[in-house]
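Working notes for the structure below.
Throughout, a chain's letter reflects where its sequence line sits, starting with A, and its residues are numbered from 1.
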2 protein chains.
Amino acid sequence: MAVAMGTDTKTAILDAAQALLQTRGANGISYQHISDTVKIRKASIHYHFPTKHKLIEAVLRRYCVNFLGLVDAIIASDDPAPVKLRKYIGLFDRTLRNGAGQKVCLCGMLGAELASLRSPTVTLLQRFYRENALRLEKILEEGRKRGMLRFDGEAKTVGMLVFSLLEGAMLLARADGGVKRFRRLTSQLLRMVGA
Amino acid sequence: MAVAMGTDTKTAILDAAQALLQTRGANGISYQHISDTVKIRKASIHYHFPTKHKLIEAVLRRYCVNFLGLVDAIIASDDPAPVKLRKYIGLFDRTLRNGAGQKVCLCGMLGAELASLRSPTVTLLQRFYRENALRLEKILEEGRKRGMLRFDGEAKTVGMLVFSLLEGAMLLARADGGVKRFRRLTSQLLRMVGA
DNA sequence: CATGTTATATCTACTAGTAGGTAGATGTCA
DNA sequence: TGACATCTACCTACTAGTAGATATAACATG
């Protein structure tokens, strides 16, 4: 089953690459690292993803689709805004938990390495940031309108603020304090938007 | 003047390394990059800093002392808390501006690359985070006591939140929106602590 | 004051290992 | 047979780090 096998391998490569990217970053990993994890030869990875840039781009593309899909599901639910917000934060919390406290958001990591990335990847990254801020704005605005959230200022700005904080808090929590600290920070954040 | 010359070179190496670290990260730079910038041979860098880890550690150590020194000066002034907070944020703002929008806080960058760092560097990084949170707590608590700041929750937690946001906002602003976006985020932050 | 000594600092030239990437043979299945 | 997938073997470029020669300047001694 050449086609099916190939697809599985491709997914396995993407999975391994993503996990490595989230812990060590783009400049901290090599095809050899991925090869060791997936148990496939280095050259075979090049067959599926001819260059490292293309591989990173593919990982990022898949990550964005998945992540924003989860966010959209949260938004589509009929939960009240504070619950939606909690669930949104839960996505980040889960990443921190699943990676044994060593993984951060892929886009936070790549954001730090921005100078090493190429055009399609950078554009994807920017879009990811914007899409998240946009969705948070939506949740916040709706929550405020229904009196379930309370904060001053534009919902758009607060949305960006929430997103920035989550990315920053993940980095800091990984270095010091772990999930526990992350939760203390997000609880405080929720309090500050009146949730 | 062997001694004086050596000191200057050492400083020049630290300066170049820091600038490169803030834009490209630890895994994104090499002794050759520094050599090109400082106009000294690669081997001469090894004379001053035998290994890359030692060099990074030295850069970080100097950065922490400088940065915390500036923060302490802000705290020691008799400005009201909201002004102190603004000045503190100004330190990050300046980094973003000076680096033509390409530099982020050294400790935010190294935080992302945590998995590639070694023990003394990691410890320094953790200390830097704690020291900043501590100083912010001080400013926040004092401001609230005097009625010049208004927020719910522990000052300690809010201090960590402010710091996390600043680190996160720098990363995001560099990728998308620049200094302008950074300022919009920090203005909103100030608003949320009643400044 | 001239001279030899020593420590500091820089250089050229090298090593072993790893990086990303390629060529081409081999296997495998429809 | 032919497309897909994987392999071995290799290439060139770059990595961190080392060895050893050389320059320089402060210092001690006759």
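- Within the structure, a side-chain polar atom (N or O) of H48(A) is placed less than 4.0 Å from OP1 or OP2 of dT6(D).
- Note on S30(A): every side-chain N or O is 4.0 Å or more away from OP1 and OP2 of dT18(C).
- Rounded to an integer number of Å, the gap from CG of L20(A) to P of dA19(C) is 12 Å.
- Atom NZ of K10(B) is separated from atom P of dT8(C) by 11 Å (rounded to the nearest Å).
- Between H53(B) atom NE2 and dA16(D) atom P there is a gap of 10 Å when expressed in whole angstrom units.
- Residue Y31(A) places its side chain closer to dG20(C) than to any other of dA16(D), dG20(C), dC11(C).
- At a threshold of 4.0 angstrom between heavy atoms, the contacts of S44(B) include nucleobase atoms, whether or not backbone atoms are also involved.
- Closest approach to the H46(B) side chain among dT18(D), dA9(C), dA19(C) is made by dT18(D) (side chain taken as heavy atoms from C-beta onward).
- For dG21(C), its base sits under 3.5 Å from the side chain of K42(A) at one donor and acceptor pair at least.
- When heavy atoms are screened at a 4.0 angstrom cut-off, L55(B) is found touching no nucleic acid atom at all.
- When each of K87(B), R146(B), K84(B) is checked for a salt bridge (Lys or Arg N to Asp or Glu O under 4.0 Å) with D79(B), only K87(B) meets the rule.
- Checking dA19(C), dT12(C), dT15(D) against every side-chain atom of Q32(B), the shortest atom distance belongs to dT15(D).
- Straight-line distance from the CZ atom of F49(B) to the P atom of dT18(D): 16 Å, rounded to whole Å.
- Each of I40(B) and A26(A) was assigned the nucleotide of DNA chain C with the nearest heavy atom; the assignment lying further toward the 5' end belongs to I40(B).
- Residue Y47(B) has a polar side-chain atom (N or O) positioned under 4.0 Å from OP1 or OP2 of dA9(C).
- In terms of modelled atom types and a separation under 3.5 Å, the side chain of R144(B) and the main chain of L149(B) share no donor-acceptor contact.
- Closest to the side chain of A43(A), from the set dT8(D), dT18(D), dG21(C), is dT8(D).
- Atom-to-atom, CZ of R41(B) to P of dC14(C) comes out at 15 Å; the value is rounded to the nearest Å.
- Going from atom CD1 of I29(B) over to atom C1' of dA19(C) covers 17 Å, rounded to whole Å.
- Backbone-only contact: H33(A) has heavy atoms under 4.0 Å from sugar-phosphate atoms and none from a base.
- A side-chain contact (heavy atoms from CB on, under 4.5 Å) with I34(A) holds for exactly one of L21(A), D15(A), L14(A), L55(A); it is L55(A).
- Between T9(B) and dT10(C), a side-chain N or O to OP1/OP2 separation shorter than 4.0 Å is present.
- Electrostatic pairing of E142(A) and K138(A) does not count as a salt bridge here, judged by no charged N lying under 4.0 Å from a carboxylate O.
- E131(A) and R135(A) are joined by a salt bridge, as a carboxylate oxygen and a charged side-chain nitrogen come within less than 4.0 angstrom of each other.
- If you measure from atom CG of N27(B) to atom C1' of dT18(C), you get 14 Å, rounded to the nearest angstrom.
- As a whole-Å value, the separation of I45(A) CD1 from dC7(D) C1' is 13 Å.
- A salt bridge links E57(B) to R61(B): at least one charged side-chain nitrogen sits closer than 4.0 Å to a carboxylate oxygen.
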